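Since we're looking at a predicted model, the values are computed, not measured. The basis for the numbers below is simple: all heavy atoms, side chains too, and nothing from hydrogens, waters or symmetry mates.
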Amino acid sequence: MTDTRDVSRPVRILLCDDHAVVRAGLLALLDSAPDIEVVGEAGTGEEALALVAKAAPDVVLMDLQLGDGIDGVETTRRLTSAAGDGPHVLVLTTYDTDADITRAIEAGATGYLLKAERPEELFAAIHAAARGRTTLSAPVASRVMANLRSPRRTLTDRERDILTQLAQGLGNREIAKALFISEATVKTHLGRIYDKLGVDTRAGAVAVAKEQRLLT
């Protein structure tokens with residue numbers, strides 16, 4: 001996306017986080033920066049999409065987990081795929097799994113920052129995002145580089161079978177019964193699936209599987 005923003009004015013920010021306390025803290029922090037202006041705040045992805053059309057921010061500061069409704073990744077995808085000169089999206093989250101990072105970047109996020117970053121790092125990332133420049137937290141950049149050097153292993157047929165059952169909402173006992181294997185075997189396969197997909201939860205595995213079209 002070409003940078004057409006007037007650099008003589010403050011960067012216009014829209015906050016999107018489902019925790020009101022977090023938004024209040026970010027608002028107070030960003031208000032201390034003279035060259036950043038918060039033009040709106042949203043608690044859901046749907047609210048963010050509606051507010052972007054009205055507030056015309058340069059950057060949307062996006063959390064990944066937004067409770068009910070569409071998540072931060074889907075919101076990012078809709079914002080970045082919309083016609084016209086839309087905002088850049090800077091992810092600000094506590095989640096740093098390979099799957100979260102990959103999904104956000106593939107959805108069009110300009111940067112990916114962890115909430116543990118220092119205020120000055122956040123301010124710098126916001127200005128970089130406004131210009132369409134990529135900024136990654138150091139742990140995130142390390143994960144990205146590691147994945148580029150060591151491509152993720154493919155799933156076995158059995159792991160795909162288990163993943164498909166998982167996507168249908170089955171528990172370990174039900175999966176074991178459906179596939180005629182023990183629960184211990186299911187747990188072992190799930191551990192390998194999580195490792196290969198770069199996730200640590202059942203929901204994360206299903207989300208990545210759908211994203212990468214791994215379900216049989």
Side-chain angles (χ1 to χ4, degrees), residues 1-5 11-19 22-23 26 38-115 122 125-126 128-137 139-141 143-144 147-148 151-152 163 166-167 196-215:
M1 189 181 296
T2 303
D3 177 19
T4 58
R5 188 181 68 82
V11 177
R12 295 167 59 83
I13 292 288
L14 174 69
L15 302 178
C16 184
D17 194 297
D18 63 333
H19 292 97
V22 173
R23 293 201 307 273
L26 284 171
V38 178
V39 296
E41 53 180 294
T44 67
E46 288 83 356
E47 287 179 5
L49 294 173
L51 283 173
V52 161
K54 299 176 182 178
D58 301 308
V59 176
V60 176
L61 209 54
M62 180 71 68
D63 194 10
L64 290 184
Q65 302 298 328
L66 298 175
D68 296 334
I70 59 176
D71 65 6
V73 171
E74 180 58 27
T75 306
T76 297
R77 180 177 292 106
R78 296 187 189 186
L79 288 172
T80 58
S81 63
D85 190 17
H88 295 285
V89 176
L90 174 60
V91 171
L92 182 65
T93 185
T94 57
Y95 300 93
D96 64 346
T97 67
D98 292 346
D100 289 322
I101 296 166
T102 300
R103 292 177 65 228
I105 293 175
E106 288 180 347
T110 299
Y112 197 110
L113 220 61
L114 300 180
K115 288 181 177 178
L122 173 60
I126 287 172
R131 291 169 173 78
R133 298 173 184 167
T134 299
T135 299
L136 303 174
S137 285
V140 173
R143 282 181 174 272
V144 170
N147 286 337
L148 288 175
R152 194 167 294 146
L163 194 54
L166 199 67
K196 289 180 178 181
L197 298 185
V199 301
D200 50 20
T201 65
R202 301 168 78 90
V206 172
V208 173
K210 290 180 179 178
E211 194 83 26
Q212 299 183 4
R213 299 178 182 175
L214 299 176
L215 300 177

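- Under a 3.5 Å cut-off, the side chain of Arg12 and the backbone N or O of Ala56 do form a donor-acceptor pair.
- In this structure, Leu64 CG and Cys16 SG are separated by 10.0 Å, a value rounded to the nearest 0.5 Å.
- The two residues Ala42 and Leu51 come nearest to each other via the heavy atoms CB-CD1, 4.0 Å.
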| field | Verdict with supporting geometry, Leu92 and Leu26, side chain to side chain contact (heavy atoms under 4.5 Å, CB included) | value | CA-CA 11 Å; Leu92 182 65; Leu26 284 171; 3.8 Å; yes
| said: Could you walk me through whether Met62 and Thr75 satisfy the side chain to side chain contact (heavy atoms under 4.5 Å, CB included) test, starting with their C-alpha distance in whole Å, then the side-chain angles of each, then the deciding distance to 0.1 Å, before giving a yes or no? | reply: CA-CA 9 Å; Met62 180 71 68; Thr75 306; 3.4 Å; yes
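- Ala107 approaches Thr80 most closely through the heavy-atom pair O-OG1, 2.7 Å.
- When all heavy atoms of Val91 and Ala104 are compared, the pair lying nearest together is CG2-CB, 4.1 Å.
- Interatomic distance, CD1 of Ile126 versus NE2 of His88, reported as 13.5 Å (0.5 Å rounding).
- The minimum heavy-atom distance between Ala205 and Leu197, with the atom names listed, is O-CD1, 3.8 Å.
- Within the 3.5 Å criterion, the main-chain N or O of Ile70 finds no donor-acceptor partner in the side chain of Glu74.
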| query | Would Arg103 and Asp71 satisfy salt bridge (charged side-chain N to carboxylate O under 4.0 Å, His left out), going step by step from the backbone distance to the final call? | reply | CA-CA 11 Å; Arg103 292 177 65 228; Asp71 65 6; 3.3 Å; yes
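- To the nearest 0.5 Å, the span separating CD1 on Ile101 from CG on Leu136 amounts to 8.0 Å.
- The side-chain hydrogen bond (donor to acceptor under 3.5 Å, both in side chains) test with Lys115 singles out one residue from Thr94, Asp17, Thr93, and that residue is Asp17.
- Between Asp18 and Thr44 the shortest side-chain heavy-atom distance does not fall below 4.5 Å.
- Atom CG of Leu14 and atom CG of Leu61 lie 9.0 Å apart (nearest 0.5 Å).
- Heavy atoms only, all atoms of each residue included: Tyr95 and Tyr112 are closest at O-OH, 2.5 Å.
- Taking CZ of Arg131 as the start and OG1 of Thr110 as the end, the distance is 13.0 Å to the nearest 0.5 Å.
- With values rounded to the nearest 0.5 angstrom, His19 atom NE2 is found 10.0 Å from Arg23 atom CZ.
- The backbone N or O of Val140 lies less than 3.5 Å from no partner atom in the side chain of Ser137, so there is not a single donor-acceptor pair.
- Residues Ala125 and Thr135 approach most closely at CB-CG2, 3.8 Å, considering heavy atoms.
- Paired with Pro57 under the rule side-chain contact (heavy atoms from CB on, under 4.5 Å), one option of Leu79, Leu15, Val52, Ile13 passes, and it is Val52.
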